[in-house]
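Okay, structure first, notes after.
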Amino acid sequence: MTRTRKRLGVNIDHVATLRQARRGQVPEPAAAASIAELYGADGITVHLREDRRHIQDRDLEVLKRVVTTRINLEMAATEEITRIACGLIPYSCTLVPEKREEITTEGGLDVLGHRDAMVQTTARLKNAGIVVSMFIDPDLPQVRASRQAGADAIEIHTGTFCEAVGTGKHEAELAKIRAAAAFGASIGLKVFAGHGLDVRNIVPILDIPEIEEFNIGHSIIARAVFLGLPAAVKEIADLIHGA
Ligand code: PXP
């Protein structure tokens, strides 16, 4: 199997989190996007949450003008956000579950349980020319349901695997990710992965040939506090591009 070059999408939500702590002007997420691109990002990911806790509508407009790679918009399949996405036309949209009280996205999307809403939202986004990805747990029925809903891609939720590292349960979680990736690719889906990944726990995931893209945010921004954003992006971009 010929390997495609793997890509890094840098999630810059937490640059906006820091700005929103003071409801001020800095740090500017678009500046982070440009630096991330300079140091190896193949795309920029942002989540426009319904509660606007970090990324704001204005950030999307600025990013659309300055990002030279690809914008991946993470979004809940609501009327308001779908309308915004169809106006913005990012390269891709990743449909995620969203609860107001959660700290971050908890668990994958239940595509099986929300089939009609997923089919409708996917069709609207695809009609606008946007690539559609479903953020799902490594669960084969959810992979199949994503394909049936018309998605182009799945992003496998790696959070449970990341939390299992060091507990003895991570091999079982890794096996689920491998199986979901292989099944997804076999039924024509592009396969991405994300959530909780960092420079250490990503290593076994890099060996899964079907996974083309990784969306990583918190660990990059956390390490950037000490190393600077260029070094934090470059270290993980080099790992991914070398895989
Ligand atoms: N992918 C998806 C779909 C997400 O919701 C998130 C978190 O916003 C990420 C990737 C990035 O996760 P993390 O910030 O843990 O790297």
Side-chain angles (χ1 to χ4, degrees), residues 6-18 20 29 32-33 36 41-55 59-60 63 70-78 81 85 90-100 102-111 118 121 125 131-139 142 146 151-165 177 180-181 184 189-202 205-206 211-225 229 232-233 235-237 239-240:
K6 294 179 188 278
R7 298 185 300 274
L8 167 65
V10 174
N11 180 315
I12 56 169
D13 290 349
H14 295 309
V15 176
T17 301
L18 188 55
Q20 295 310 110
D42 303 291
I44 300 298
T45 292
V46 284
H47 185 174
L48 184 70
R49 294 186 68 102
E50 288 183 272
D51 64 10
R52 306 298 198 270
R53 70 172 68 156
H54 39 51
I55 293 294
D59 293 324
L60 297 183
L63 287 166
R70 297 171 168 181
I71 297 176
N72 171 42
L73 178 66
E74 292 174 2
M75 54 173 274
T78 64
I81 307 288
Y91 176 80
S92 57
C93 283
T94 303
L95 299 183
V96 301
E98 198 177 297
K99 294 191 220 100
R100 278 179 191 268
E102 69 193 357
I103 295 171
T104 180
T105 314
E106 290 168 3
L109 195 62
D110 180 11
V111 185
M118 293 305 131
T121 305
L125 295 170
V131 170
V132 178
S133 177
M134 304 284 189
F135 183 55
I136 54 169
D137 290 326
D139 176 54
Q142 295 291 354
S146 300
D152 303 291
I154 50 170
E155 179 172 329
I156 300 174
H157 189 310
T158 49
T160 310
F161 161 78
C162 294
E163 281 169 19
V165 172
I177 296 173
L189 290 162
K190 293 190 171 299
V191 183
F192 312 147
H195 212 280
L197 295 171
D198 64 29
V199 279
R200 291 192 181 84
N201 63 24
I202 197 173
I205 309 272
L206 288 173
I211 301 180
E212 295 176 22
E213 180 177 301
F214 301 88
N215 285 299
I216 307 176
H218 187 266
S219 72
I220 294 176
I221 303 306
R223 286 172 77 82
V225 171
L229 188 56
V233 171
E235 62 177 1
I236 201 148
L239 263 178
I240 290 170

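As the structure lists them, so they are numbered: ligands from 1, and atoms in each ligand from 1.
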Heavy-atom contact check, 4.0 Å cutoff: does Gly196 meet ligand 1? yes

Just jot down the ligand 1 atoms closer than 4.0 angstrom to any heavy atom of Val96, in number order. 3 (C)

Check whether Glu98 reaches the backbone of Met75 with its side chain - one donor and one acceptor, N or O, closer than 3.5 Å. no

Could you list the atoms of ligand 1 found under 4.0 angstrom from a heavy atom of Asn215? 10 (C), 11 (C)

Among His14, His195, Met75, Glu98, closest by any non-hydrogen atom to atom 12 (O) of ligand 1: His195

Tell me which part of Glu74 gets within contact of ligand 1: side chain, backbone, both or neither, using heavy atoms under 4.0 Å. side chain

Of all residues at least two apart in sequence or in a different chain, which pass the salt bridge (charged side-chain N to carboxylate O under 4.0 Å, His left out) check with Glu163? none

If you count the atoms of ligand 1 from 1 in the order shown, which ones are under 4.0 Å from a heavy atom of Ile216? 16 (O)

Side-chain (Lys190) to main-chain (Asp152) donor-acceptor, under 3.5 angstrom: no

Would you confirm whether Asn11, through its side chain, and Asn215, through its main-chain N or O, come within 3.5 Å as a donor-acceptor pair? no

Okay, side chain of Thr45, backbone of Val10: is any donor-acceptor separation there less than 3.5 Å? no

Take atom CZ of Arg200 as the centre, draw a 6.0 Å sphere, and report whether it contains more than 12 heavy atoms from other residues, nucleotides or ligands. no

Near Asn11 (heavy-atom distance under 4.0 Å), the atoms of ligand 1 are 8 (O)

Which bit of Glu155 is near ligand 1, meaning a heavy atom under 4.0 Å away: side chain, backbone, both or neither? side chain

With sequence neighbours excluded, tell me which residues meet side-chain contact (heavy atoms from CB on, under 4.5 Å) with Thr17. His14, His54

Need the ligand 1 atom indices (1-based, order shown) with element for anything under 4.0 Å from a heavy-atom of His218. 13 (P), 14 (O), 16 (O)

